[in-house]
Amino acid sequence: MLRINRRKMIGLLLLSVSAIVYVFALASGQDSIFEYTLLLACLTLALLFNNDFELISPAVLFTAYFLYSVALGPIVLMNMGRFYSYGYIKIILGGLLAFAIGNGICLIAKKRPVHEREDKSKIRFSLSRIKTLYFLLVVSWSAALYYFIKNRSYLLGDVENGRVVAISGSGALLYTAQVSILLVCMLFDIYIETRKDLQPLISKFTMIFVTVVSSATLIVSGFRAPVATLFICMIVMYAGKKKMPMDRIIFYGLLCIIGVAAFGAIRTTMSGGVSSTLTSLFTSLYVGDININYMYNTFPGKVDFQYGYTYLINFLMLLPGPDLDFTLWLKEQVGITFSGGGLTPTIIGEFYINFGEISIFIGLFLLGAFSVYLNRYFKRHKESFLAVFYVWQFAHCVSGGIANVSITVLLYTIVYKCLIMFPYKRTRRLANAIQ
């Protein structure tokens, strides 16, 4: 007999109410702040209840990022009197509803318990994992230094535009520089695990040093996402290992958001513009909704639907030559100019420009279903960097789309699987237990 706990019962009830409110809102033929806010609140609560308020889970992190990057924006825009033809309730909340339904259905279907296990490799080498990580860190830092020296004329001064010119033809070099994210997090994993055994293999000073240096090398590229990814992954890893309380997780999450907004404001100011942390934070709430409007105005009226081509663009960028990445390509197709990087379509816009409007609902439904399977993987490998990284990239695709995370996910998976072939435990007892 299928049993559903009380929280999931409430979640499914709220999901049903959300579906009813959505139908009535569509029937009214216009967006209203009251209906939009009511439906958004119901959907958010439904997802939280269905996922047992597990803040560190794919569905909840995806929802939180969706709220920040897409869903809260229309409330601001409607208050400003700005309405777009695609329909805030129909597309944005319809997409979130599809995600919640996919998530809810699979949560009911998947009832088997999850047993944690550590990442192992069947192939083992005798070289030390810690020494290998240190060596690769030096390689990564060297790539970052070379990237900066090569492009210093672009990165000093007008950072907003210079960082875009700098990345042209240097995609592989930049990805090598940013692999320090994985390396630092793997060292952090060893630091926490061996400290629990009272036999720390990495000192606190060393951990702080590699984190600070890597943060600096990530910042010099002029992009916020890499350094944010580093700290978010470290926070999520620490939260999972230490069973961090909910209020502290929320606090660190807000701190990361403020930090990203502050970095954006500093970058704009260095480039001769005028901005502040509050302005950057406020603008981030609705810029995604404006970008969705650009997608609707461009595809398929001016540019044909892409039918999956956008997922290949960033891979083509790795080839020699000045190829544009996905966001810069999209900016060119839309035909707009602004200082800084490319145009991020959001996950909604990315589905739309590839396969049309129906794909928004199908795509987000599938992502909702996938979040349940990803959560099972996350719970089985809760203490590994790769599981944490997958969860964060799953959430991060809300703003930039799947194309913008695909290369790093593939690259880090390959590097991580290779690195766990090297043991780090030094005693026979511990080696038999894990390595």
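Looking at residues two or more places apart in sequence or on another chain, you find no ring-ring contact (aromatic ring centres under 6.0 Å, His included) involving F251. For L14, the side-chain contact (heavy atoms from CB on, under 4.5 Å) partners at least two apart in sequence or on another chain are I10, L45, A46, F49. With sequence neighbours excluded, the residues that form a side-chain contact (heavy atoms from CB on, under 4.5 Å) with C42 are V17, S18, L38. With sequence neighbours left out, the side chain to side chain donor-acceptor pair (under 3.5 Å) criterion links Y191 to R195. Among residues two or more places apart in sequence or in another chain, the ring-ring contact (aromatic ring centres under 6.0 Å, His included) test is passed with Y286 by F282. Checked against side-chain contact (heavy atoms from CB on, under 4.5 Å), D52 has the following partners two or more places apart in sequence or in another chain: N5, R7, K8, E54. Partners of L411 according to the side-chain contact (heavy atoms from CB on, under 4.5 Å) rule, which considers only residues two or more places apart in sequence or in another chain, are Y175, V415.
Between I56 and F378, the closest heavy-atom pair is O-CE2, 3.3 Å. Of all non-hydrogen atoms in D304 and F299, the two that sit nearest each other are O-CD2, 3.4 Å. Across all their heavy atoms, P74 and Y36 have their closest contact at CG-OH, 3.2 Å. Across L201 and T194, no two heavy atoms sit closer than the pair N-OG1, 3.2 Å. In terms of heavy-atom proximity, A143 sits nearest to T176 at CB-CG2, 3.8 Å. Nearest heavy atoms, G356 versus F305: CA-CZ, 3.7 Å.
Rounded to the nearest 0.5 angstrom, Y238 OH and F231 CZ are separated by 15.0 Å. The structure places OH of Y294 at 11.0 Å from NZ of K331, a figure rounded to the nearest 0.5 Å. In this structure, M234 CE and I232 CD1 are separated by 12.5 Å, a value rounded to the nearest 0.5 Å. One distance of note links CD of E357 with CE of M295; it measures 14.5 Å at 0.5 Å rounding. Here the CG atom belonging to L107 is positioned 6.0 Å from the CG atom belonging to N50, to the nearest 0.5 angstrom. Expressed to the nearest 0.5 Å, how far CD of E350 lies from CG of N291 amounts to 13.0 Å.
No side-chain heavy atom of I75 sits less than 4.5 Å from a side-chain heavy atom of L285. In this structure the side chain of Y296 reaches within 4.5 angstrom of the side chain of Y352, judged on heavy atoms. With contacts defined as side-chain heavy-atom distances shorter than 4.5 Å, the pair P345/F326 qualifies. Here the side chains of V210 and M207 are in contact, with some heavy-atom distance below 4.5 Å. Put simply, the side chain of Y309 reaches to within 4.5 Å of the side chain of L316, judged on heavy atoms.
Between Y84 and Y88, the ring planes are perpendicular. Angles over 60° get that label, and only those under 30° would be called parallel. Between F385 and Y412, the two ring planes are tilted [angle within 30° to 60°].
For the residue pair S371 and N103, a side-chain donor N or O sits within less than 3.5 Å of a side-chain acceptor on the partner. At a cut-off of 3.5 Å, with distance as the only test, a side-chain donor of N354 or T310 sits close to an acceptor on the other residue.
With hydrogens and angles ignored, the 3.5 Å screen pairs a side-chain donor or acceptor of Y86 with a backbone N or O of D289. With hydrogens and angles disregarded, no donor-acceptor distance shorter than 3.5 Å links the side chain of Q333 to the backbone of V303. In this structure a side-chain-to-backbone donor-acceptor pair under 3.5 Å is present from S128 to I130. Side chain of D189 to backbone of S384: no donor-acceptor contact under 3.5 angstrom is found.
None of L366, L367, I362 except one satisfies the side-chain contact (heavy atoms from CB on, under 4.5 Å) rule with L364; the exception is L367. Across L328, T298, I336, a single residue satisfies side-chain contact (heavy atoms from CB on, under 4.5 Å) together with L343, and that is I336.
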Practice task
Apply the test side-chain contact (heavy atoms from CB on, under 4.5 Å) to residues F315 and L410: give CA-CA distance (whole Å), side-chain angles for both, the deciding distance (0.1 Å), then the verdict.
Solution key: CA-CA 11 Å; F315 288 95; L410 179 61; 3.9 Å; yes

Exercise for the section: Go through the steps to decide whether I313 and D325 satisfy the test side-chain contact (heavy atoms from CB on, under 4.5 Å), and finish with yes or no. Expected result: CA-CA 6 Å; I313 293 175; D325 77 345; 5.6 Å; no

Practice task
I would like to know whether L386 and Y377 meet side-chain contact (heavy atoms from CB on, under 4.5 Å); could you show each step before the answer?
Solution key: CA-CA 10 Å; L386 194 61; Y377 178 87; 3.9 Å; yes

Exercise for the section: Take F148 and T217, measure what side-chain contact (heavy atoms from CB on, under 4.5 Å) needs, and give me the verdict at the end. Expected result: CA-CA 9 Å; F148 178 75; T217 60; over 6 Å; no

Can you list, pair by pair, the side-chain donor-acceptor contacts under 3.5 Å of residues 94-102, counting residues two or more places apart and other chains?
none

Using residues 388-401 as the side-chain source, report each donor-acceptor pair under 3.5 Å to any protein atom, sequence neighbours left out, with the distance given to one decimal.
unit_1: Y390; atom_1: OH; unit_2: T413; atom_2: OG1; d: 2.7
unit_1: W392; atom_1: NE1; unit_2: T229; atom_2: OG1; d: 3.1
unit_1: S399; atom_1: OG; unit_2: H396; atom_2: O; d: 3.3

Pairs under 3.5 angstrom only: tabulate donor-acceptor contacts from the side chains of residues 177-188 to other protein residues two or more places apart or in another chain.
unit_1: S180; atom_1: OG; unit_2: A177; atom_2: O; d: 3.3

Under 3.5 Å, which donor-acceptor pairs do the side chains of residues 58-72 form with other protein atoms, sequence neighbours left out?
unit_1: T63; atom_1: OG1; unit_2: A59; atom_2: O; d: 2.7
unit_1: Y68; atom_1: OH; unit_2: S284; atom_2: OG; d: 3.4
unit_1: S69; atom_1: OG; unit_2: Y65; atom_2: O; d: 3.2

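The side-chain hydrogen bond (donor to acceptor under 3.5 Å, both in side chains) analysis of residues 130-146, with sequence neighbours excluded, yields the pairs W141-S214.
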